[in-house]
Amino acid sequence: MFRAVDAHGPFPRMSRPISALISATALRHNLQRIRQTLDAARAPGQAPAKTWSVIKANAYGHHIEAVLDGLRQTDGFAMLELDEAQRCRAAGWRGPILLIEGVFEPGDVREAVALDTTLVLHGFHGIKVLEAGGGAPATDVYVKLNTGMNRLGFREEELGQALARLQGLQDQGKLGRIGFMTHCATADGPQGIADQLAHFQQAVQGRTGPVSVANSAACLRFPEQAGDWVRPGIALYGASPFTDQSAASMGFRPVMTFRAELIGVQTLKPGEGVGYGFGFVAEQAMRVGVVACGYADGYPRHARTGTPIQVHGRRTRTLGTVSMDMLAVDLRGIPEAGIGSEVILWGAAGPSVDEVADAAGTIGYELLTAVAPRVKRRIQE
Ligand SMILES: *Cc1c(COP(=O)(O)O)cnc(C)c1O
């Protein structure tokens with residue numbers, strides 16, 4: 001269905017040695033892993049949950065075209081922007097597409113219909129946009145409920161009025177089926193989702209239509225509550241939605257290997273510094289490697305000295321301040337490393353993206369989605 005091609009075309013021979021390898025095998029495995037968890041929690045005879053694989057933010061930085069093949073067993077893809085939907089269709093995806101924030105202006109409705117998307121309606125403004133855009137005869141929608149997160153969604157007391165408007169559209173043949181969704185603020189923490197789900201169930205009680213409530217954290221911690229369609233994102237890419245549980249410990253495999261090479265080696269004398277502001281000063285003579293990766297590639301500038309990194313197959317640490325195009329690493333104990341040695345910033349053979357994120361005071365989501373367009377993505381099996 002999808003051609004497994006390099007999303008950026010063939011590598012130019014003299015390109016800067018940095019790339020992100022995207023593993024189709026890991027994507028397949030992770031999707032399967034989520035489904036196993038959900039299936040194990042289903043009551044006997046209950047239909048399996050269907051999966052909207054979330055590929056917003058250019059597939060969490062992996063590049064949409066680079067993940068479609070690995071995720072081809074999904075039931076649908078969920079994303080934010082019309083042009084992401086267009087890219088899925090252009091790449092050959094014929095199945096369901098969910099626009100998780102719906103349409104933003106009346107002019108979008110026609111294109112959303114042409115792309116055969118499912119739309120989320122999260123407020124009266126969205127209904128107005130749909131009406132002004134002429135409606136969408138065969139388009140299914142999810143009505144999103146605000147069950148406490150207070151970002152998007154109708155409050156319970158607004159739901160009756162919203163549904164009356166939508167049923168009006170349906171009666172005129174300008175709308176497909178109506179489902180219900182919500183998003184949980186604390187699925188990854190000790191508070192859990194019981195309160196939010198109680199609000200949700202009260203609001204949708206007695207109404208029919210598919211239900212979607214679970215992101216990765218909710219799928220993994222509350223699989224028995226997953227509803228008809230789940231919406232995992234981060235776990236598909238092999239990173240963790242939790243700060244207290246690693247992706248590997250839950251059986252997920254990293255999809256992205258962010259790799260570069262050493263392009264310089266320096267031998268420091270005691271007291272000499274490296275990089276801007278001499279962010280690291282050597283106490284003893286030592287070899288320092290210079291990596292072809294900086295914050296303009298998406299490596300976090302806030303990563304402190306000591307952030308884990310893999311060089312020539314050995315785990316070591318970063319040194320000093322991350323520059324725009326380069327960063328420095330400790331080569332003590334790796335005498336065989338030299339120019340051209342492989343460096344894994346994060347991924348299967350190196351530290352996890354979550355370990356690097358932790359050292360930079362952020363989360364894996366931010367690092368993955370920040371990998372810069374100038375880094376070439378290559379699909380691996
Ligand atoms: C981003 C998003 C998800 C996926 O969240 P993960 O934590 O990456 O699993 C699910 N639902 C909605 C509405 C989202 O915006």
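Numbering starts at 1 and runs along the sequence shown. Order of listing sets the numbers, starting from 1, for every ligand and every atom in it.
- Aromatic rings from Phe252 and Tyr237 are positioned such that their centres are separated by 6.0 Å or more.
- Atom 2 (C) of ligand 1 has as its closest protein heavy atom Lys56 NZ, 2.6 Å.
- For ligand 1, the atoms lying closer than 4.0 Å to a non-hydrogen atom of Ile234 are 6 (P), 8 (O), 9 (O).
- Contact of the Leu98 side chain with the Phe77 side chain is not registered, since no non-hydrogen atoms from C-beta on lie closer than 4.5 Å.
- Not a single donor-acceptor pair under 3.5 Å links the side chain of Asn30 to the backbone N or O of Leu27.
- Counting atoms of ligand 1 from 1 in the listed order, those under 4.0 Å from a heavy atom of His183 are 10 (C), 11 (N), 12 (C), 13 (C), 14 (C).
- Distances between N or O atoms of Pro241 and those of ligand 1 include no value under 3.5 Å.
- There is a side-chain donor-acceptor pair under 3.5 Å between Gln245 and Arg221.
- A single hydrophobic cluster is seen to contain both Phe124 and Leu121, as judged by linkage of ILVMFWY side chains at heavy-atom distances under 4.5 Å, directly or through other members.
- When Tyr365, Tyr60, Tyr237, Tyr142 are checked for heavy-atom proximity to atom 4 (C) of ligand 1, Tyr60 turns out nearest.
- Among all non-hydrogen protein atoms, the one lying nearest atom 9 (O) of ligand 1 is Ser216 OG, 2.5 Å.
- Looking only at heavy atoms of the protein, atom 10 (C) of ligand 1 is closest to Arg231 O, 3.3 Å.
- Look at Pro232 and you'll find a heavy atom under 4.0 Å from some atom of ligand 1.
- For Glu366, the CD atom sits in a loose shell: 12 or fewer heavy atoms of surrounding residues, nucleotides or ligands are nearer than 6.0 Å.
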